[in-house]
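For reference, the structure discussed in these notes is given below.
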Amino acid sequence: MRTRIKLGSLCSGIALALLSAAAFGQPAVKSPVVVNVTDVGGALALLQDAIESYQKKYPNVVSRFTFSKAPAPELPGKLKAMQSANRTDIDLVLGGLDILSAGIEQGLWTKVLPDHAKQFPNVLRNYLPAAGKMQELAHGEALAVVFMPAGPLVEYNPDKVKTPPSTPQELLAWCKANPNKFIYARPANSGPGRTFLMGLPYLLGDKNPKDPIKGWDKTWAYLKELGSCVEYYPTGTGIVMKELGEGSRDMTVTVTGWDINPRALGIVPKSYNVGQFKGMTWVNDTQYLMVPKGLSPEKLAVVLDLMEFLLKPEQQALTYDKGYFYPGPAVKNVPVTMAPKESQDVIREYGRPEYEGWIAKGPHAQPLGAKEMVDAFQKWDQEVGAQKTR
């Protein structure tokens, strides 16, 4: 009898705890879960503090987070294999348009909107206008979490480059006159690389900047010619910045965040400058939250709640970070004054006063759609980087 009473009390206690969690808007879990997060595009640098604060606030929901990193070209195959084996070793993916596009094409992501719209009231209206445009590219299969106007911009060593190029033609001429001193990374795994790739059709006056197969004749011809003075294409932007900072390269293409952050971290000298292409169109960039298919209902509820948490202004303010994805926040009403003091100090010291004017003046464009982006990456890999990527 006493055993039955104890068991009954225990069951009642668990039920009460689950009801209490649900009543306060938290996911109802039988016991705290481990959430496995994989970072593809570097957004973990912006989001890790915010993610871990979720566990501190809701220790009854999440016991801990694990974090791992994976290159964008390799993760789809890994996810596909897991899903085929009915395994769910990855619960949340942080990444850019490269992995988002590949995952959409291969059917890897859980449909977030409209399937789980109740979890995210007013989410679309809360986005900054430009970030809202980027959200459209997700087709409901991800949520934009950080935003950057991006580029493409030219970054250079002012001691070696006295007159920075302001047109693609001037960049090509400089590269030929200084072989192996210009570098950029494989676009399929580099934000600056893909921004350069997608910005060129606007700069060169190609027939259709949104159609890399039929509308980029000038861009593909230009990139092939530019390749004649590029020693190799690294597999990621980090390698580019290391070589630029060490002095083995004098120039690269960049975006706002990749200009500020490596200088703030001491990887690239603070004195290095950036230049703008004349008449450029800003190709904006975003990092997304993606949920692989196959999560249990309990785990899915937790991950969706975490995603909602990360879009709150208090957590968005943390994304100013050290300028990595400048400015960072994707939602409205998150001024830099909400950011931690350390972030404000970095932006003040390493930010560029000219960015505000450049960003305000120039036209802005969304990146390619999912299919078109995959097509562009494949064509670049086959026709431009085939023999030089390492």
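One-based numbering along the sequence shown. The model shown is predicted, which means the values in this text are computed figures rather than measured ones.
- Checking Tyr355 against Asp259 by side-chain atom types alone, a donor-acceptor pair falls below 3.5 Å.
- Side-chain contact check for Pro269 versus Arg263: every heavy-atom pair is 4.5 Å or farther apart.
- Counting only N and O atoms by type, the side chains of Asn122 and Arg125 include a donor and acceptor under 3.5 Å apart.
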Determine, step by step, whether Tyr54 and Asp305 satisfy the side chain to side chain donor-acceptor pair (under 3.5 Å) criterion, reporting the C-alpha distance in whole Å, the side-chain angles of both residues, the deciding distance to 0.1 Å, and the verdict. CA-CA 9 Å; Tyr54 181 91; Asp305 195 61; 2.6 Å; yes
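- With Trp380 contributing its side chain and Ala386 its backbone, the two residues share no donor-acceptor pair below 3.5 Å.
- The side-chain heavy atoms of Met307 and Leu92, taken from C-beta on, include a pair separated by under 4.5 Å.
- The ring of Tyr288 has its center no closer than 6.0 angstrom to the ring center of Trp109.
- For Lys111, the NZ atom is densely surrounded, since the number of other residues' heavy atoms within 6.0 Å is greater than 12.
- Taking the six-membered ring where the residue is Trp, Phe196 and Phe277 present parallel rings, their angle staying beneath 30° rather than reaching 60°.
- Annotation: side chain to side chain donor-acceptor pair (under 3.5 Å) contacts of Gln55 (sequence neighbours excluded): none.
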Evaluation steps, side chain to side chain donor-acceptor pair (under 3.5 Å), between Thr219 and Asp206: CA-CA 7 Å; Thr219 293; Asp206 253 322; 2.6 Å; yes
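- For Lys361, the NZ atom sits in a loose shell: 12 or fewer heavy atoms of surrounding residues, nucleotides or ligands are nearer than 6.0 Å.
- Within the 4.5 Å cutoff, side-chain heavy atoms of Pro168 are placed close to those of Tyr222.
- Note on ring orientation: taking the six-membered ring where Trp is involved, the planes of Phe65 and Phe67 are parallel (angle under 30°, cut-offs 30° and 60°).
- Applying the side chain to side chain donor-acceptor pair (under 3.5 Å) rule to pairs touching residues 365-379 yields Lys371-Asp375, Lys379-Glu383, sequence neighbours excluded.
- Contact of the Tyr156 side chain with the Thr254 side chain is not registered, since no non-hydrogen atoms from C-beta on lie closer than 4.5 Å.
- We find the CG-CE distance between Asp89 and Met82 to be 4.0 Å, quoted to the nearest 0.5 Å.
- For the residue pair Gln26/Asn60, the side-chain donor-acceptor check at 3.5 Å is satisfied.
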